[in-house]
Amino acid sequence: MSHEVMGYNAAMGLGLVEEMRADDSIFIMGQGVVTGGWFGMEKGLVSEFGTDRVLDCGIAEAFEAGLAAGAAIAGMKPVINMGFGDFALIAGDEIYHKLAKWRYMHGLDVPMTAVIIFPIGAMGGAGPEHSSCTEVLGMHFPGLKVVVPSTAEDAKGLMKSALREPNPVLFHSVQGLGWSRGEVPLDPDFIVPIGKAATRRAGSDLSIITYGSMVPRSLEAAERLASEGVDAEVIDLRSLVPLDWDCVLESVTRTHRAMVVHEAFRTAGPGAEIAAQIQERAFFDLEAPVLRLGAKDFPLCQSAELEQAAIPSVDTITGEARRLAAI
Amino acid sequence: MSHEVMGYNAAMGLGLVEEMRADDSIFIMGQGVVTGGWFGMEKGLVSEFGTDRVLDCGIAEAFEAGLAAGAAIAGMKPVINMGFGDFALIAGDEIYHKLAKWRYMHGLDVPMTAVIIFPIGAMGGAGPEHSSCTEVLGMHFPGLKVVVPSTAEDAKGLMKSALREPNPVLFHSVQGLGWSRGEVPLDPDFIVPIGKAATRRAGSDLSIITYGSMVPRSLEAAERLASEGVDAEVIDLRSLVPLDWDCVLESVTRTHRAMVVHEAFRTAGPGAEIAAQIQERAFFDLEAPVLRLGAKDFPLCQSAELEQAAIPSVDTITGEARRLAAI
Amino acid sequence: MAAPEPALLTDMFHKMAVSRAIELLMLRHTREERFSGWWHPGEGQEAAPIGAAAALRSDDYLWYQGRGCAWAIGKGMDPLPILGDLLGKMNGATRGKGGGVPHWSDYGLGIMGEGATLGSVYPLAAGSALASKIRKDGRVSLADFGDGTASRGTFHETMMHAAAWKLPLIYFCENNGLLVGTRTEHVSASADIANLAKGYGIPGVIVDGQDAVAVYEVTVEAVARARAGEGPTLIEAKVTRKHGHYAGDPQHYRDPDYLKDYRDPLELLAARLSGNEAARLIEQADAEVAVAYEAAKAAPEPDASVIERDLYHVA
Amino acid sequence: MAAPEPALLTDMFHKMAVSRAIELLMLRHTREERFSGWWHPGEGQEAAPIGAAAALRSDDYLWYQGRGCAWAIGKGMDPLPILGDLLGKMNGATRGKGGGVPHWSDYGLGIMGEGATLGSVYPLAAGSALASKIRKDGRVSLADFGDGTASRGTFHETMMHAAAWKLPLIYFCENNGLLVGTRTEHVSASADIANLAKGYGIPGVIVDGQDAVAVYEVTVEAVARARAGEGPTLIEAKVTRKHGHYAGDPQHYRDPDYLKDYRDPLELLAARLSGNEAARLIEQADAEVAVAYEAAKAAPEPDASVIERDLYHVA
Ligand SMILES: Cc1ncc(C[n+]2csc(CCOP(=O)(O)OP(=O)(O)O)c2C)c(N)n1
Ligand SMILES: Cc1ncc(C[n+]2csc(CCOP(=O)(O)OP(=O)(O)O)c2C)c(N)n1
Ligand SMILES: [Mg+2]
Ligand SMILES: [Mg+2]
């Protein structure tokens with residue numbers, strides 16, 4: 001199977017292109033997609049697929065998401081690039097009520113493919129309304145699938161799965177990783193299944209459960225810990241709905257110590273559910289409480305330095321893991 | 001101090017009236033408030049305060065919440081009855097970005113009073129888009145205070161506190177309790193402070209941590225448990241932001257067993273944060289995992305029977321507490 | 001103007017009579033029997049849905065707002081799935097998830113459903129309209145809404161794009177002047193919703209919404225425009241809300257003059273039929289509805305397992 | 001038409017020259033030095049903000065959109081809090097929270113701030129306008145936005161109410177025809193945003209947005225209307241976006257013809273001044289800005305404690 005080294009956003013784009021070639025009911029809409037997309041994902045799309053299937057949109061996020069719901073119910077497979085995850089709160093009705101519930105409310109059991117791309121997280125000074133991590137909304141409101149790739153390979157493979165999935169998928173791309181590069185399989189049959197976590201590093205002393213931007217940081221922390229004699233396992237969840245509980249629980253019952261790390265706000269973030277559920281399901285296997293690291297519970301500041309000071313760093317992850325190992 | 005028995009919604013209204021009399025920068029706006037409000041809270045307001053301070057609004061929830069932010073920054077004290085908590089997802093940008101962050105983003109430290117009323121939860125067949133519990137959003141996105149009264153007395157007392165609070169408050173009124181009645185103090189100086197929980201029933205075997213519609217159900221469950229020899233403490237949180245951790249942790253370290261009960265969806269609901277934090281902060285005091293009960297992770301059905309089947313009942317609370325006591 | 005053929009008139013009248021029978025039945029049922037949720041009666045407001053639906057093909061997409069049942073009947077649904085649903089039975093259109101607020105859909109008939117957060121149908125209808133434009137399937141999408149719902153932001157976001165893209169989309173407003181108990185004119189820039197069309201450079205047509213034939217005629221034109229690729233039309237049907245907002249609404253707010261010009265759509269349409277056809281069709285409709293009602297009542301109730309059904313589709 | 005008095009012309013020119021100096025400085029600064037975030041340059045688009053702000057009282061409320069700095073300067077802010085903020089320093093208007101996207105505010109000057117989710121200022125401006133209406137304080141609220149942002153639903157929701165309630169609110173659109181790299185006309189029902197006023201029954205005025213005096217004049221009228229209780233006006237200033245969407249934007253999308261009719265607002269306004277006043281004011285402005293820039297650069301950076309400041313107000 002041949003590979004190519006490419007950027008995360010480009011890999012997402014490649015996944016989309018391959019699926020668009022195979023299925024002409026897929027179209028993409030978003031602000032600026034005709035000119036290649038704000039972050040490069042849509043480069044070249046319009047020249048291959050034309051403006052029938054690659055549509056620019058105005059500043060109207062509720063419209064974009066609602067249109068996706070309507071088009072999907074009518075049998076198309078819309079992909080909407082929402083520009084920023086923060087805009088989930090502008091299109092909340094369309095996403096967490098319409099896309100999530102329309103079939104349910106109407107008692108329908110039909111396929112409904114729709115991929116909503118939410119670029120989430122800090123990207124270097126984009127400010128508190130362009131850096132939000134909103135993935136927890138997709139966990140709380142039932143009816144959607146929720147993914148957050150952390151590598152270029154997964155960005156491609158999950159995009160392809162999302163486009164073959166008969167249910168709406170919130171595809172959270174990680175702004176901070178948009179230009180990170182990695183080996184990406186070129187085989188058009190390659191996919192990454194929704195709902196399968198990946199153990200990025202095996203370890204026996206504690207389990208770091210993470211996803212998205214915090215995967216590379218956790219791996220770096222694990223290397224540092226290794227040099228101190230602490231052997232950390234690092235699990236990249238990749239999907240939050242469904243969440244790969246088998247993988248998580250297998251690890252935790254083996255290491256007896258767990259911590260969750262994410263870029264989303266700590267309070268009532270995804271880590272709250274994960275920690276709550278680990279202790280529910282593996283209480284007597286735990287030798288320490290499940291710890292959580294997330295962004296400080298303050299809006300992100302505009303400056304890139306303060307932004308980084310608010311979210312978990314390799315240092316804070318290492319420190320917290322060290323503390324956990326010592327409990 | 002004299003008291004009167006009145007309904008929950010009426011008590012909320014009384015708190016509002018008293019504060020409106022004392023402070024003419026308070027006004028209320030919402031759909032149908034001029035004719036007394038859909039659920040009776042605003043009865044009589046317009047005849048006392050006129051249409052300058054009691055304003056009907058069209059179907060435009062983003063406008064309503066955004067107007068509240070603008071008016072509050074301009075020094076007024078708006079109260080917005082949003083009609084249904086579900087509409088938090090229509091006005092998400094205005095509530096969780098603007099009201100929550102405007103001062104922060106602009107580096108301002110000025111008072112900003114605004115009360116957003118979100119009637120939440122099942123009310124007997126209102127369907128999946130008129131019964132949502134959205135209070136967890138106020139916990140996750142920083143910048144707001146979040147209350148959920150469970151009694152008529154608290155409905156009044158928290159409304160008064162909210163109107164004296166120099167920060168925006170999401171006031172979640174409980175639809176299922178709207179017509180429940182209780183003794184309400186008539187003293188205009190009576191308030192219920194934001195951030196203080198109430199221990200509704202003392203107990204020594206386990207702690208049921210709850211709020212809103214699940215308070216009366218938990219109390220009933222506790223009575224049943226008592227007859228089985230299980231002595232449950234029932235804590236009514238009343239505020240979710242700030243949350244009275246002192247009260248919760250004091251209880252849990254005493255009973256060594258805790259469960260959280262709410263009407264919101266179980267997954268990534270308020271109970272996730274509460275359970276995660278209890279085990280973080282009191283792990284070695286716990287003799288069992290912190291359990292959680294919440295609504296099934298499915299949209300609420302239209303029918304009142306299926307609705308009740310989806311949310312915790314006295315039976316399910318009793319059963320889960322029994323199970324907890326036995327772990 | 002395209003006046004309806006006699007056969008179509010008969011069909012329209014039959015459907016209106018069926019709707020009327022269901023409406024009257026529901027008014028009685030909600031008053032006298034156990035009912036889960038709120039019923040938003042449409043009795044007296046049937047002409048606009050019946051007239052507009054008659055102008056649509058059965059594969060055109062309809063996204064409706066939930067007052068009454070005439071849209072569903074007009075677009076071809078049978079009384080049984082409607083009544084089964086309202087009574088919350090397993091033979092209802094939503095297969096047990098039903099109750100007060102209608103969420104009927106029927107894909108074969110292009111009945112796409114209702115959003116209980118009002119104003120949600122605008123972008124959804126644009127979605128099916130865009131699907132048709134991409135697939136070139138010649139279908140039209142119609143978004144039905146009330147005057148109060150014209151204020152939602154989605155109205156604007158959608159039409160800004162639909163007009164620019166000439167989507168085969170029809171905005172159909174049933175303007176009864178009321179938003180629950182509020183006179184819409186107090187909270188709306190324009191008492192005539194059709195005025196809003198001017199901003200978007202699309203036709204805005206006002207029609208007597210109690211007259212099904214008049215509604216049919218303007219809708220035929222809007223449909224032709226949409227199918228020809230000329231873009232959206234905003235139709236405003238002036239209608240009367242004969243009843244309270246929901247069945248049982250005490251209506252303290254009701255202006256005594258509001259109903260003084262009320263005209264019954266069924267009578268108006270009956271006048272276009274010959275002989276005793278109207279009486280015969282009403283009798284037939286009543287009988288059909290009575291049978292459906294019995295079947296709905298007799299049908300099984302859902303059990304709690306319904307809750308866990310239909311959330312995800314499994315390929 | 002109310003032509004500006006000579007003293008006001010001088011003041012406007014001075015402010016425009018200060019804005020221009022900051023704009024040029026920021027273009028250089030973002031190119032050559034470390035800069036956190038994105039700067040959305042306003043060089044060449046200063047006339048509309050300067051002209052409109054000159055028509056406002058200092059206690060009128062301004063809610064702006066974040067291209068350039070001319071709104072803040074026009075409304076009376078000094079260069080230092082602006083530059084301090086852009087450089088992310090503790091002496092910036094946001095006291096250390098600053099960076100690329102401006103969130104300057106100054107309550108004394110009625111500068112209420114910017115929302116980075118575009119279109120959020122409409123209802124907020126209606127909020128301050130309603131406050132003024134209730135308090136009868138005679139203030140006007142102005143919501144500034146771009147042509148792309150006219151599509152947001154909040155535009156409609158707010159104006160549906162503001163027109164009905166005759167709020168003292170001005171919608172001020174800077175129409176540069178572009179939404180990042182998209183021609184707004186491709187995604188908008190109307191290339192003239194002022195058209196949208198028709199739907200709401202309010203005046204919609206198009207003005208040459210490169211000409212500060214013309215903008216001033218139409219804004220004076222809208223302000224008078226608003227203060228007189230006659231309700232909102234929609235002003236559309238036709239402007240030119242001389243630069244990329246953000247500083248550093250490669251602008252692959254740029255239509256080579258776009259800039260062919262560009263006229264420099266500073267030159268247009270200079271022609272209205274006598275003798276060498278313009279040159280003198282430019283020199284003065286450059287000096288002021290240079291001083292402020294040095295002071296901003298020399299100011300302390302925030303430390304992480306800033307993160308935990310200003311979230312809640314403690315009474
Ligand atoms: C977004 C939203 N806001 C408010 C409501 C509550 N609500 C239900 S029906 C209704 C009135 C609708 O008025 P209109 O659109 O004129 O329709 P009509 O009831 O007159 O048929 C309202 C406000 C809702 N369902 N959705
Ligand atoms: C709600 C929202 N959607 C999208 C964006 C991303 N965005 C930032 S600036 C911009 C273009 C704005 O166009 P316009 O309003 O015409 O202002 P201009 O940039 O031309 O000054 C966009 C789409 C945003 N900030 N907020
Ligand atoms: Mg109406
Ligand atoms: Mg523009």
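Chain letters run A, B, ... following the sequence lines, proteins first and then strands; every chain starts at 1. Predicted model, so just to flag it, every value in this text is computed and none were measured.
- In terms of non-hydrogen atom pairs under 4.5 Å with chain A, the most contact-rich of Arg281(B), Lys101(B), Arg292(B) is Arg292(B).
- In this structure, Tyr96(A) and Asp86(B) have side chains that are not in contact, with every pair of non-hydrogen atoms separated by 4.5 Å or more.
- Annotation: side chain of Ser132(A) is in contact with side chain of His97(B) (closest heavy-atom distance under 4.5 Å).
- In this structure, the portions of Arg266(A) lying under 4.5 Å from any heavy atom of chain B include both its backbone and its side chain.
- Residues Pro142(B) and Lys296(A) fail the side-chain proximity criterion, which asks for heavy atoms closer than 4.5 Å.
- Proximity to chain B (any heavy atom under 4.5 Å) is shown, for Gln277(A), by both the backbone and the side chain.
- Exactly one of Val136(B), Thr267(B), Asp297(B), Leu137(B) qualifies for a side-chain contact (heavy atoms from CB on, under 4.5 Å) with His140(A). That residue is Val136(B).
- Rounding to the nearest 0.5 Å gives a distance of 4.5 Å between CG of Asp93(A) and CD1 of Ile90(B).
- Closest non-hydrogen pair, Phe284(B) versus Ala288(A), comes out as CZ-CA, 4.4 Å.
- Contact of Ile274(A) with chain B is not made at all, since no heavy-atom distance falls under 4.5 Å.
- Taking the side chain as every heavy atom from C-beta outward, Val290(B) and Gln279(A) approach each other to under 4.5 Å.
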- prompt: Under the side chain to side chain contact (heavy atoms under 4.5 Å, CB included) criterion, do Leu291(B) and Phe283(A) qualify, and how do the steps go?
  reply: CA-CA 11 Å; Leu291(B) 302 185; Phe283(A) 187 76; over 6 Å; no
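- For chain B, the nearby parts of Leu286(A) are the backbone and the side chain; heavy atoms of each come within less than 4.5 Å.
- Comparing Glu280(B), Gln302(B), Met139(B) by how many heavy-atom pairs each has under 4.5 Å with chain A, the most go to Glu280(B).
- Comparing Ala275(A), Pro299(A), Ala276(A) by how many heavy-atom pairs each has under 4.5 Å with chain B, the most go to Pro299(A).
- Classified by interplanar angle (parallel below 30°, tilted 30° to 60°, perpendicular above 60°), the ring pair Phe141(B)/Phe265(A) is perpendicular.
- Heavy-atom distances place the side chain of Tyr104(A), and not its backbone, under 4.5 Å from chain B.
- At least one side-chain heavy atom of Glu129(B) sits less than 4.5 Å from a side-chain heavy atom of Lys98(A).
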